[in-house]
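Worksheet: the structure to be examined is printed underneath.
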There are 2 protein chains.
Amino acid sequence: MARPAEPRRKPGRPKEADGTDLRDRILDAAELEFADHGYNGARMRDIAARAGVNPALIGYYNGSKGALYEQVIRRKGAGIDIARHANLDALLAQSPTPALRDIVRAYLQPQWDMKERGPGGAAFVRLQARLHSEPEARALRLRREVYDPAAKRYIAALAVALPHLTLEEVSLRMAFLVGTYLFMLNDLGRLGDLTDGRVAEVEKDALLDHLERFLAAGLRAD
Amino acid sequence: MARPAEPRRKPGRPKEADGTDLRDRILDAAELEFADHGYNGARMRDIAARAGVNPALIGYYNGSKGALYEQVIRRKGAGIDIARHANLDALLAQSPTPALRDIVRAYLQPQWDMKERGPGGAAFVRLQARLHSEPEARALRLRREVYDPAAKRYIAALAVALPHLTLEEVSLRMAFLVGTYLFMLNDLGRLGDLTDGRVAEVEKDALLDHLERFLAAGLRAD
DNA sequence: ATACGAATTACTCAGTTGTTTAATTTTTTG
DNA sequence: CAAAAAATTAAACAACTGAGTAATTCGTAT
């Protein structure tokens with residue numbers, strides 16, 4: 001009965017001998033479950049089962065389902081946001097007018113790295129794609145909070161590299177860019193269907209290269 | 001008790017005096033509900049309430065929730081597929097080697113028209129965006145069934161217009177195209193967030209024009 | 001050891017889900 | 001008009017949902 005009203009999130013020391021905090025293990029499991037079934041399709045019991053944990057422990061460590069979802073999104077979303085800011089900073093440090101292609105790469109690279117970083121990273125990419133097609137209020141708020149700040153800086157950088165476009169046009173094309181890479185990252189495994197497996201042959205590094213060429217040319221159009 | 005085991009879908013004549021078949025009214029309501037909340041988030045009771053009918057009538061006319069979902073997707077998906085085929089046929093009738101921009105327009109136009117055709121059309125566009133980010137087996141199968149046939153024809157047409165690209169590259173860029181327009185159609189209303197409302201000022205016709213220029217340039221890249 | 005608080009468990013709870021049933025009304029048919 | 005079929009309704013079903021509770025175990029500092 002002595003459970004704290006707001007169960008403490010980070011107790012004095014890690015509770016697990018192997019160093020994996022139970023709270024993080026639950027977040028990992030939730031990430032997979034949310035990615036596979038979406039917010040509404042995910043079951044708290046299944047998340048607990050994936051984490052190998054008693055269902056009540058989710059509430060104990062991570063709060064309600066909604067709170068759990070937000071933690072999952074913010075955890076890796078923040079990493080992507082930081083990397084994007086850092087990449088752009090590095091670019092602007094070299095030159096006040098970076099090349100278009102470099103700006104595009106700076107924005108895409110963090111997502112790409114995450115996708116390569118094991119099944120958890122791939123799951124988060126799928127989760128993001130879902131997040132961007134859900135009109136619910138929570139998804140909308142999270143998107144704005146996590147992704148908009150970096151996006152605005154990149155729009156400004158693109159506007160410098162594309163002086164023939166108005167700011168409205170640059171903003172619009174930035175949205176095109178986001179749609180393209182999200183769709184591709186999410187759909188990569190299934191792209192083969194449309195092409196009878198031909199795309200699968202292309203190597204992953206070459207794939208990012210293709211995407212960058214496509215986007216750079218599109219951004220530069222007219 | 002004399003209800004048919006397989007309730008007949010289209011009885012002799014329309015049951016409603018005003019001509020609106022009850023089965024279609026349920027499909028309309030389901031379309032809105034699925035678009036707003038996704039498959040898992042949609043509630044059969046809410047669909048019934050939207051249609052103004054008894055919940056049991058959904059099962060009577062349209063079967064289970066899964067069957068209802070497939071009917072919603074197929075109903076308008078088939079229309080888009082037909083329009084895309086017809087547009088491409090018309091183009092190829094004029095010239096065996098249509099201009100790139102015309103191919104792009106032929107593919108996008110049906111979606112655009114649907115979006116403009118009232119709230120039901122806009123809802124279906126949102127529904128499609130969701131369909132393309134759901135990894136569940138049903139969504140995957142529906143996507144292939146409804147959208148792949150036309151896409152394959154357009155890939156072939158694009159390959160002719162882009163002789164400097166391999167077929168694998170054309171297939172990949174076609175996937176980029178799909179991602180871009182789906183994301184934009186779905187996100188249009190919310191695009192303003194990213195741009196402080198600047199995009200909203202752009203008129204809708206001009207928007208399709210921008211998208212076509214972006215995509216045509218991207219497809220032509222290198 | 002013992003006492004104390006945190007960690008974990010099994011269990012319960014009220015509400016909701018999709019679906020079905022049996023009864024009733026409406027429509028069509030003979 | 002009467003009988004049969006179809007359409008519609010209210011109610012109930014069993015399964016599942018997220019969340020909460022009280023009890024128990026565990027680790028540690030006294």
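The basis for the numbers below is simple: all heavy atoms, side chains too, and nothing from hydrogens, waters or symmetry mates. Letters go in sequence order (proteins before strands), and every chain restarts at 1. Being a predicted model, the structure only gives us computed values, none of them experimental.
The ring of Y69(B) has its center closer than 6.0 angstrom to the ring center of F34(B). For F176(A) and H210(B), the distance between ring centers is not under 6.0 angstrom.
The separation between R45(A) atom CZ and dG18(D) atom P is 7 Å, rounded to whole Å. Spacing between atom CG of N54(A) and atom C1' of dA19(D) amounts to 13 Å, rounded to whole angstrom units. With rounding to whole Å, L57(B) atom CG is found 14 Å from dT20(C) atom P. Straight-line distance from the CE atom of M44(B) to the P atom of dA12(D): 21 Å, rounded to whole Å. Atoms NZ (K65(B)) and P (dT20(C)) sit 14 Å apart, rounded to a whole Å. Atom-to-atom, CG of D46(B) to P of dT19(C) comes out at 14 Å; the value is rounded to the nearest Å. Separating the CD atom of E33(A) from the C1' atom of dT17(D) is a distance of 13 Å, rounded to the nearest angstrom. As rounded to whole Å, 14 Å separates atom P of dA7(D) from atom CZ of R25(B).
Contact annotation for A42(B): backbone-only contact, meaning every heavy-atom pair under 4.0 Å involves sugar-phosphate atoms and none involves a base.
With salt bridges taken as basic N to acidic carboxylate O contacts below 4.0 Å, one links D89(A) and R153(A).
Of the residues listed (R75(B), R141(B), K65(B)), the one engaging E70(B) in a salt bridge (charged side-chain N to carboxylate O under 4.0 Å, His left out) is R141(B), and it is the only one.
Side-chain atoms of R43(B) and base atoms of dG18(C) include no donor and acceptor less than 3.5 Å apart.
Residue Y60(A) places none of its side-chain N or O atoms closer than 4.0 Å to OP1 or OP2 of dT8(C). Using a 4.0 Å cut-off, some side-chain N or O of Y61(B) falls inside it from OP1 or OP2 of dT8(D).
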